[in-house]
Every structure is written in structure tokens, then in C-alpha cells.
Amino acid sequence: MENGLIITIISVDPSLQTPMYFFLRNLSFSDLCLISAVVPKTIVNSLIHSNHISFFGCVGQVALLVFSAATELFLLTAMFIDRYVAICHPLHYEVIMNKDMCLQMTSLSYLGGGLISVVHTAGIFSLTYCGLNEIQQFFCDIPQLLAISCSEHVTTEIVLIFISVVLDGCCFICIIISYTYIFSTVRKIPSMEGQSKAYSTCIPHLTVVVLFLSTDIGAYLKPILGSASFTDLILSAFYIMLPPFLNPAIYGLRNKAIKAGLEKLITSRLLTKENTLLFLQ
């Protein structure tokens, strides 16, 4: 709900048509896709007391899950680059982060997420599965599908997972480098209030990325490197549920501009309703 609200606010408020909020709107959409990959089917199964999912349902779940998670990481990286340019090169910000650049970075994020999704989905479902296809998870996820495969080509998918982990690490290094320069610039701000404001914005963002990446990498590597356990199930659920719930709180709803946009949206809706009622009278 919060992600949908953020998308609506940014879309209708002309004052929020800036690169930062452009990326935030796309991040909220990615969060909606991530949680939509798992939650609806889980709710339906709980209501009808079922623990089954069709083959094509499982394929769709894996594809959307991988696409959303990968796109999320790329968009977070783009947002950190945007903040780096805004804080470290403010005079050149509008020239560097122009509309074309924002569109290119966002398009690459979606294309990259789509490519990774296709590769992993094709790889995992080209394997052979024997016996009872029962996974120890409440949704279809690659590590649990690997665990029940009896194919001789499992190594290929494991290599793809390690490549994805390396790519995650590269994005994280890019973010850390950006924040090293950001914190170095923030320390030069003469006002303690200005420094405090910058830190209060940056540190929560960095915390979300660290939590997302650590749980994501842990959920995929731990079952491969060792035996599966209840902890793996918690990690898998955590990296899926964490971004959609934390991102709106950290990036959006505690933001003054978003709050102002929400007030405008509510006010405009109320005024429209009031005018309609007066007309009907």
C-alpha cells in the first residue's frame, strides 16, 4: 500500500519531478513486483488450506522474484550514484543527471534485471526433478529447487548464482565508494545541523542496502555451501519482505517533500469530493 501511495504522489505532484524521486518511483514499483511475486499466492494457499503450486506458477514466481530483486539492486545503485553527484558535484548535478541519463540508468536496471531473470529461470527449470517435488519453503526459490533436483547439470546453475553474487558485490563496492566520497564531502560542511541532516539521510539508506544484500547473498549461498536449515527459510523471507516494508519508511514517507505531496493529494481529493456534493445539492 505504501509503495503504491508513493508512486501516486510522485506521479501527480509536479514539484517531485526530479531525478531522486524518479528513481524512488521506480524503486517503489520494483518493491510492488517483489512482494507480488510471493504474497498473493501465499495468502490464497492459506485461505484454501493448500500447499500446492502449479509448474507454470512456480516458473512465474521464480522469474518475477529474480527480476524484482535484481532490478531493485540496480535501482538502489543508481540512487546512490544520484546522491553522490548531488552532494559531491552540486554545480554539475543538473547537467550530469539530466532526463536522458535517468532514463538510461533506469532502463539498464530493468534490462539487467530481466536478463538475469531469464538466465536463472531457464537454468533452474532446465534441470531434472525426480520423486516428490516438495520444497522446504512457502514459495518457489532457486536454492530450494536446486535441493530437490536430481540433474547432473546442477553445477551450471550454481556457477550462475556465484556470478550473480559477484555482480551483487560489484554493486555494493560501487555504493561503498560513492558513500566514501559522500561522507568525506559531508564532513566539510561547516554547519553541524547540515552534517546531521546529511548523515540522517545517508546512513539509513546504507543500512537498507547492507541488510538487503547480506540476506540475499546468505539466502542463496548458505543452502549451496552447507545443509539447508530453518535459518535459510528466515533469510529467504527476510530479503523478500524487507525492501517493500522498509524502503517506503526510509526513502519516502519520512521525507518532507513526500509528506507535503501526500497532503496536497488528500486535500485535492477532499476538495473534489466537496465540490461534487455541492453540485448535487
Are Phe125 and Leu145 side-chain neighbours, meaning at least one heavy-atom pair lies under 4.5 Å?
yes
Which atoms form the tightest heavy-atom contact between Gly123 and Ser126, and what is the distance?
O-OG, 2.8 Å
Across all chains, not counting sequence neighbours, the side-chain hydrogen bond (donor to acceptor under 3.5 Å, both in side chains) partners of Ser15 are Asp13
Spacing of CD1 belonging to Ile35 relative to CG belonging to Asn3, to within rounding of 0.5 Å:
8.0 Å
Quick check: is Met101 connected to Val95 through a chain of hydrophobic side chains (ILVMFWY, heavy atoms under 4.5 Å apart)?
no
Can you list the residues that meet the side-chain contact (heavy atoms from CB on, under 4.5 Å) rule with Ser107, with sequence neighbours excluded?
none
Pairs where residues 162-172 contributes a residue and the test side-chain hydrogen bond (donor to acceptor under 3.5 Å, both in side chains) is met, not counting sequence neighbours:
His120-Ser164
Residues joined to Ile48 in its hydrophobic cluster, side chain to side chain under 4.5 Å directly or through other members, sorted by chain and number, are Val44
Donor-acceptor contact below 3.5 Å, side chain Thr106 vs main chain Leu103
no
With side chain to side chain contact (heavy atoms under 4.5 Å, CB included) as the test, would you mind laying out the steps for Phe172 and Val210 before giving the verdict?
CA-CA 8 Å; Phe172 183 65; Val210 171; 3.9 Å; yes
Could you check whether any side-chain N or O of Ser109 sits under 3.5 Å from a backbone N or O of Met105, counting only pairs where one atom can act as donor and the other as acceptor?
yes
Filter on side-chain hydrogen bond (donor to acceptor under 3.5 Å, both in side chains), then keep only pairs touching residues 169-178, sequence neighbours left out; what's left?
none
Which residues pass the side-chain contact (heavy atoms from CB on, under 4.5 Å) test with Asn51, sequence neighbours left out?
none
Show the numbers, then the answer: is there a side chain to side chain contact (heavy atoms under 4.5 Å, CB included) between Met20 and Met97?
CA-CA 9 Å; Met20 184 178 76; Met97 299 303 298; over 6 Å; no
Side-chain heavy atoms under 4.5 angstrom apart, residues restricted to Ile, Leu, Val, Met, Phe, Trp, Tyr: same cluster for Met192 and Phe183?
no
Sequence neighbours excluded, every pair satisfying disulfide (SG to SG under 2.5 Å) that has a member inside residues 153-197
none
Are the side chain of Asn26 and the backbone N or O of Phe23 linked by a donor-acceptor pair below 3.5 Å?
no
Ignoring hydrogens and angles, write down the donor-acceptor pairs under 3.5 Å from the side chains of residues 52-61, residues two or more places apart or on other chains.
| residue | atom | partner | partner atom | Å |
| --- | --- | --- | --- | --- |
| Ser54 | OG | Gly57 | N | 2.9 |
| Gln61 | OE1 | Cys140 | N | 2.7 |
| Gln61 | NE2 | Ala37 | O | 3.1 |

When rounded to the nearest 0.5 Å, the distance separating CD1 of Ile182 from CD1 of Ile177 is 12.0 Å
Min side-chain heavy-atom separation Asp141-Val62 under 4.5 Å
no
My understanding is that only residues two or more places apart in sequence, or in another chain, count here; which of them pass side-chain contact (heavy atoms from CB on, under 4.5 Å) with Phe29?
Ile7, Cys33, Tyr110
dist Glu94:CD -> Thr18:OG1 (nearest 0.5 Å) comes out at 10.5 Å
Does any pair with a residue in residues 91-126 pass disulfide (SG to SG under 2.5 Å), and if so which ones, sequence neighbours excluded?
none
CD1 on Ile116 to OG1 on Thr121, rounded to 0.5 Å
11.0 Å
Test side-chain contact (heavy atoms from CB on, under 4.5 Å) applied to Val118 - qualifying residues, sequence neighbours left out
none
Taking Val85 as the starting point, is it possible to reach Ile176 by hopping between hydrophobic residues whose side chains are less than 4.5 Å apart?
yes
Closest heavy-atom pair and its distance - Leu16, Tyr21
O-CB, 3.1 Å
Let me confirm one number: the CG-CG distance from Leu115 to Leu108, rounded to the nearest 0.5 Å.
11.5 Å
Closest non-hydrogen atom pair between Ile87 and Pro90, with its separation:
O-CD, 3.6 Å
Give every donor-acceptor pair under 3.5 Å between a side-chain atom in residues 66-82 and any protein atom, sequence neighbours left out.
| residue | atom | partner | partner atom | Å |
| --- | --- | --- | --- | --- |
| Ser68 | OG | Leu34 | N | 3.4 |
| Ser68 | OG | Leu64 | O | 2.7 |
| Thr71 | OG1 | Phe67 | O | 2.7 |
| Glu72 | OE1 | Ser30 | OG | 3.4 |
| Glu72 | OE2 | Asn247 | ND2 | 2.6 |
| Thr77 | OG1 | Leu73 | O | 2.9 |
| Asp82 | OD1 | Tyr93 | OH | 2.5 |

Any chance you could measure Lys99, atom NZ, to Gln17, atom CD, to the nearest 0.5 Å?
9.5 Å
Same cluster (ILVMFWY, side-chain, under 4.5 Å), Val166 and Val119
no
